[in-house]
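Lettering of chains follows the sequences in order, A, B, ..., and the numbering in each one begins at 1.
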Amino acid sequence: IARYKRARGFNVLHPMGWDAFGLPAENAAMERGIHPAEWTYANIAAMREQLKGMGLSIDWSKELATCHPGYYAQQQRLFLDFLGAGLVYRKESWVNWDPVDQTVLANEQVIEGRGWRSGAPVEQRRLPQWFFRITAYSEELLSALDELERWPEKVRLMQRNWIGKSRGARIWFPIDGRSDALEIFTTRPDTIDGASFMALSPHHPLAQELAAKDPGLSDFIAECEHLGTSEEAIERTEKLGYDTGLVCSHPLDSNWKLPVYVANFVLMDYGTGAIFGVPSGDQRDLDFARKYGLPVIETYRPVGARDPSPQELEAYEDQLRRHPVVEHRSAEGRELLFHISESAFIDKSAEEPVHYTNARFLDEPIATPIEAIEAAIDYLEHQGVGEGTVQFRLRDWGVSRQRYWGCPIPVIHCADCGAVPVPLEELPVQLPDDVDFSSPGNPLERHESWKSADCPSCGKAVRRDTDTMDTFVDSSWYFARFTAPRADAPTRREAVDYWLPVDQYIGGIEHAILHLLYARFFTRAMKQCGHLGVEEPFKGLFTQGMIGHETYQDSAGRYFSPDEISRGDNGGLVGPDGQAVTAGRVEKMSKSKKNTVDPARIIDTYGADTARWFMLSDSPPDREMEWTDAGIEGAWRFVQRLWRLADEALEALPPAGAEAPSAFGAEAMELRRATHKAIQSVGGDIEQFRFNRAVARIYELSNLLGATSLVKSDDAGDRWALREALESLVRLMAPMMPHLAEELWQRLGHDGMLVDLPWPEADQTLTVDETVTLAVQVNGKKRATIELPRDADEKTAEQAALSEPAVLRAVGESTPRKVIVVKNRIVNVVV
RNA sequence: GCCCCUGUGGCGGAACCGGUAGACGCGCGCGACUCAAAAUCGCGUUCCGAAAGGAGUGGGGGUUCGAGUCCCUCCAGGGGCACCA
């Protein structure tokens, strides 16, 4: 893309940098005793060489590494700016705590409730953490997605779901015997007449208050805190509740009483940390209701559901007795409330759901849930017991990590002054080199001289914040830094205003949410603090697929790399010791499965151009592709073929830059048309990221060139057309195979570099053919094709079609009722 | 559970706006060159059929002169979110 855009006259910035902080470097340090910095910089050096070998036209003068103090110093400055702007704050929050390794774990690091490394049961701990206030931009981050037209719809959708805007209501339930009310959030206020219990999060202030006087509740809450927050933990955990003895009144009927439970499935950080349970509308609430003998009240019923018979009603009288019937009318299926335990009377063949609570909120008995929700909100607001509200799923971004290899948080903690920012002139707060990884936990925490400091405010001896920032912070603004990587501020406005937003961003789909959302947040926050002038970082986004490879395993389940596999005597695959090996499915390349290929080896064997060509040739780039030896061989053959093609034609060619003759023969014209059609389509294909199609067009032209007899001709026009075709071929493939293209360009007699030439332009008079082939259908079935001059009129087409023998045979005795002619495409005879 | 995407030869994949399904590549088959092999070149390659012809884009149904493409439905695979009230 960079090479193509450059040929199109754009000023292209194509930088490369290293997102280099993170856990793997620390693990390597622990396992091998190498300092994380040493390990990281060695990897960078190796990868830089690999990338250079691929010929990626990267501007290495802009290179940066996030672990370099020159980079993270500016990141610390951004942190302090955000702090000043109220976009960073500190609060206590619940985290997964590994009591053996003395560290916080990400949810992904908790396996079956235990720390992945220590195997110790994980605890829920409340720790002070730094947060970025991403929720300050919830609405903007959501609505601006609509304008990101050059982003894949899939990514925009994933972000929409992640931000998770819900319309709903906050409703206040009076608590019996107390002056305060319990505030809950719901997205379905229209089901309020299906409520049968209230549930509080174990972390809810009311639950905490009650626990102080109720040892049973206190124990229950402690038990909840031992559970992990990981997906597995949630799946396995039974829905448990503790009856607090407290009772709420239904806000619309003070005689209707609802018991208050503390339940382990209610989250404190969504909504208000309290809910009302509607067992008829929610499986989880239903499970809970059954477990604790709570009523189930129907609020929805499908059309066609019949009324219960008296016997059936009797069967549920127990349910009805538990609970006062508010109202029960039966008039043509329009009922206000109906108390039953299950969907016993529901006719499964019914189509539309009917809303039974409508009578309270709406005049019409049938409404969509959305209408009913809005009506319910109006009603609740009118009664003064609730209000419409919007709730986001998105939460603030906790960035504190108890890790060494990351950007230190530039804050000092003073007993008297609290959290005090490190003064700007003292930045960067640099990581110490002399650290000890021999015991678990954060080495910064144990580094007494590093962590001690003087309070910038009162001068007292205090300690530094020993946490480092989540590595996602590092990658949230590097694109801005690329525009002026050595500036002594986070950005240089002149540079950042010239380049941003990024015209074309490329990354894997795995970044669809976290990285891309954080970068969008950072861009807004940086704008607010005056570091740049745009809201959105990436105008165009392309998500490329990964390259996978077959996996190889022997009967013992050991994995082998492709290099270790060969063909045995019986034709089967064998491993290094001659044992039988089976080929498994194609998977994402990974060290554990050993299904990787070494770029250096590929480049040594086939050259960079072959590798580049193969990667672009078969699959659309947004899809996963499989790396195969056969595939790379095929690409290699094409490289050889191109070279030969040029070689064989060289003798016959007129000199470079020769004037075009005035006349061309038929075969020369055919080649010229093919050439200009290829020029036309390859550019468009590259623009649209359809590289596999561009490759196919290039193959087509080269096939024609290989088959042409023009090489043997003495005619000046023939020879000129041959040069035109060959030169065009070289120029079209140049963005994909730059090295070969330059080499051939020189052999074709040119002095300068091809990379400095503009992209070729197609001659529009040569991109269309003089004759076209039309399909002739009889009743929509193809029977023949006819050759006609381009744009021949309908009459001509119809006559030509009806004189085809195969068409006449198909028409037979009947007379055509209608003949449909689509110019230059098709004739359909209807009989 | 909710939301989204994708199903086309032996394989990767083409097919603009509803208009010749299978471009291009891989693989395979046959042939040429060679003592032979490799490389290379030529021809062929959706399936059934000797051919005429018929069938065919996950299954079923619909709209249309005409459907891979639009609509409904079912099936399969993949992805995202998820004690989110």
Return no unless some side-chain N or O of [X] is found under 4.0 Å from OP1 or OP2 of [N].
X	N	value
A:Arg160	B:G80	no
A:Arg644	B:A39	no
A:Lys154	B:C3	no
A:Arg284	B:A82	no
A:Arg690	B:A23	no
A:Arg783	B:G66	no
A:Tyr270	B:A85	yes
A:Arg693	B:A15	yes
A:Arg623	B:U6	no

Nearest 0.5 Å, what's the NZ-CG distance between A:Lys239 and A:Asn264?
->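 It is 7.0 Å, given to the nearest 0.5 Å.
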Say you draw a straight line from CZ of A:Arg156 to CG of A:Leu516; how long is it, rounded to the nearest 0.5 Å?
->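 If we round to the nearest 0.5 Å, A:Arg156:CZ and A:Leu516:CG are 13.0 Å apart.
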Have a look at A:Asp285 and say if it touches a base, only the backbone sugar-phosphate, or nothing, with a 4.0 Å heavy-atom cut-off.
->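 Nothing, no heavy atom under 4.0 Å.
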How is A:Ile820 classified with respect to the nucleic acid when contacts are heavy atoms under 4.0 Å: base, sugar-phosphate, or nothing?
->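 Result for A:Ile820 = base.
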Without decimals, in angstroms, what is the distance between [X] [atom1] and [N] [atom2]?
X	N	atom1	atom2	result
A:Arg156	B:C5	CZ	C1'	15 Å
A:Leu200	B:C83	CG	P	19 Å
A:Ile632	B:C26	CD1	P	13 Å
A:Ile826	B:U64	CD1	C1'	13 Å
A:His511	B:G80	NE2	P	13 Å
A:Ile275	B:A85	CD1	P	10 Å
A:Leu616	B:G25	CG	C1'	13 Å
A:Arg697	B:A23	CZ	C1'	6 Å

Nearest to the [X] side chain among [options], which nucleotide is it?
X	options	value
A:Thr187	B:A85, B:C26, B:G19	B:A85
A:Asn692	B:C81, B:G54, B:G13	B:G13
A:Ser619	B:C83, B:G12, B:A85	B:G12
A:Val266	B:A55, B:G53, B:A85	B:A85
A:Arg393	B:C84, B:C65, B:A85	B:C84
A:Asp618	B:A85, B:G25, B:A14	B:G25

Base-pairing assignment for [N] (Watson-Crick or G-U wobble, both under 3.5 Å):
N	result
B:U46	B:A55
B:C65	B:G19
B:U6	B:A76
B:C11	B:G25
B:A36	none
B:C41	B:G31
B:G1	B:C81

Checking only heavy atoms, does the side chain of A:Arg825 share a donor-acceptor pair with the base of B:C16 at less than 3.5 Å?
->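 Donor-acceptor pair under 3.5 Å: yes.
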Quick one: the side chain of A:Asn828 and the base of B:C65, do they pair up donor-acceptor inside 3.5 Å?
->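 Per atom types, the contact qualifies.
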[atom1] atom, [N] versus [M]: distance in rounded Å?
N	M	atom1	result
B:C3	B:G12	P	30 Å
B:C28	B:G10	C1'	8 Å
B:G9	B:C48	P	14 Å
B:A55	B:G60	P	14 Å
B:A52	B:G62	C1'	33 Å
B:U46	B:A14	C1'	14 Å
B:U57	B:G7	C1'	9 Å

Between A:Phe689 and A:Phe691, what is the ring plane arrangement, given parallel below 30°, perpendicular above 60°, and tilted in between?
->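 Correct class here is tilted.
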Please name the pair of heavy atoms, one in A:Leu616 and one in A:Val695, separated by the smallest distance, quoted to 0.1 Å.
->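 The pair with the smallest heavy-atom distance is O-CG2, 4.0 Å.
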Heavy-atom closest pair, residues A:Leu642 and A:Met737 =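 In this case the closest contact between A:Leu642 and A:Met737 is CD1-CE, 3.7 Å.
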Could you name each residue pair satisfying salt bridge (charged side-chain N to carboxylate O under 4.0 Å, His left out) that touches residues 674-699 of chain A, not counting sequence neighbours?
->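 As it turns out, the salt bridge (charged side-chain N to carboxylate O under 4.0 Å, His left out) pairs with a partner in residues 674-699 of chain A, which skip direct neighbours, are A:Lys5-A:Glu687, A:Lys677-A:Asp769, A:Asp685-A:Arg693, A:Arg697-A:Glu700.
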Ignoring hydrogens and geometry, is there a side-chain-to-backbone donor-acceptor pair from A:Arg623 to A:Gly545 under 3.5 Å?
->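 Looks like no, no N/O pair under 3.5 Å.
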Pick one: which of A:Phe220, A:Phe276, A:Tyr242, A:Phe288 meets ring-ring contact (aromatic ring centres under 6.0 Å, His included) with A:Tyr261?
->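 Filter result, single survivor: A:Phe288.
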Would you say A:Gln764 has more than 12 foreign heavy atoms packed within less than 6.0 Å of its CD?
->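 Yes, the 6.0 Å shell around CD holds more than 12 heavy atoms from other groups.
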If the sugar-phosphate is the primed atoms plus P, OP1 and OP2 and the base is the rest, what is the B/S/- string for nucleotides 45-50 of chain B, using protein heavy atoms under 4.0 Å?
-> ------
Flag the pair A:Phe614 / A:Tyr606 as yes when their ring centroid distance falls below 6.0 Å, and as no otherwise.
->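 No, the ring of A:Phe614 stays outside the 6.0 Å limit from the ring of A:Tyr606, centre to centre.
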Taking syn as within 90° of 0 and anti otherwise, name the glycosidic form of B:C17.
->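 This nucleotide is in syn.
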